[in-house]
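Naming convention: chains lettered A, B, ... in sequence-line order (proteins, then strands); numbering from 1 in each chain.
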Amino acid sequence: MNHWLLKTEPSSFSFDDLLKAPRKTTGWNGVRNYQARNSLRDELKKGDLALIYHSNADPSAVIGVAEIVREGYPDPTQFDNKDDHYDPDSAPDAPRWFQVDVKAVKKLARPVSLEEIKGNKSLQGMLLVQRSRLSVQKVSPPDFDTILRLAK
DNA sequence: GCCAACGTTGGC
DNA sequence: GCCAACGTTGGC
């Protein structure tokens, strides 16, 4: 089983929104980066766990844990010309963008901020610390556990 | 709101 | 295929 970190801007979709969603589940749509797309399409597996990270937030922080409940399938927003994520160059018979479904597992007892992550020696290998803009990142099991421990 | 980092596009 | 121009991300 792999562990992941999924970024979201809480002003558009927050962890609380996920908790309020039907069955606490949502399609993780709108990712428009090829590397992240490849992970969503090929690597995120049912049962994998993901840290949900709020970017552009105050403070930016890991806020909760979610589980992958459906593996990669075409993101419908790419075909919706009224959606912000519409991609006129993507053909329905050869979709360019993929999404997974995620279900909220739990909100952390307290958020673990980027500042705190940057200040933790053992977490310096995280892509998040490397100024990575990647919105779907793999997280090592030890790093995943460390984040959960910091939240207690 | 600024801007550095980084990803994508497109002329050549 | 190079790389300048442009667009986006996301911390601050």
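Side chains of Asp87(A) and Trp97(A): a donor-acceptor N/O pair is present below 3.5 angstrom, by distance only. No side-chain donor from either of Ser14(A) and Asp16(A) sits under 3.5 Å from a side-chain acceptor of the other.
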Please enumerate all protein N or O atoms sitting under 3.5 Å from an N or O of nucleotides 9-12 of chain C, with distances to 0.1 Å.
residue : atom : partner   : partner atom : Å
dG10(C) : OP1  : Lys7(A)   : NZ           : 2.7
dG10(C) : OP1  : Arg133(A) : O            : 2.7
dG11(C) : OP1  : Tyr53(A)  : OH           : 2.8
dG11(C) : OP2  : Asn56(A)  : N            : 3.1
dG11(C) : OP2  : Ser60(A)  : OG           : 2.8
dG11(C) : N7   : Asn56(A)  : OD1          : 3.2
dC12(C) : OP1  : Lys118(A) : NZ           : 3.0

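Salt-bridge annotation for Lys106(A) and Glu67(A): absent, with no side-chain N of the basic residue lying under 4.0 Å from a carboxylate O of the acidic one. Note on Arg96(A) versus Asp75(A): no salt bridge recorded, every NZ/NE/NH1/NH2 to OD/OE distance being 4.0 Å or above.
Straight-line distance from the CH2 atom of Trp97(A) to the P atom of dG7(B): 13 Å, rounded to whole Å.
A distance-only check finds a donor-acceptor pair linking the side chain of Asp48(A) to the backbone of Asn2(A) [under 3.5 Å].
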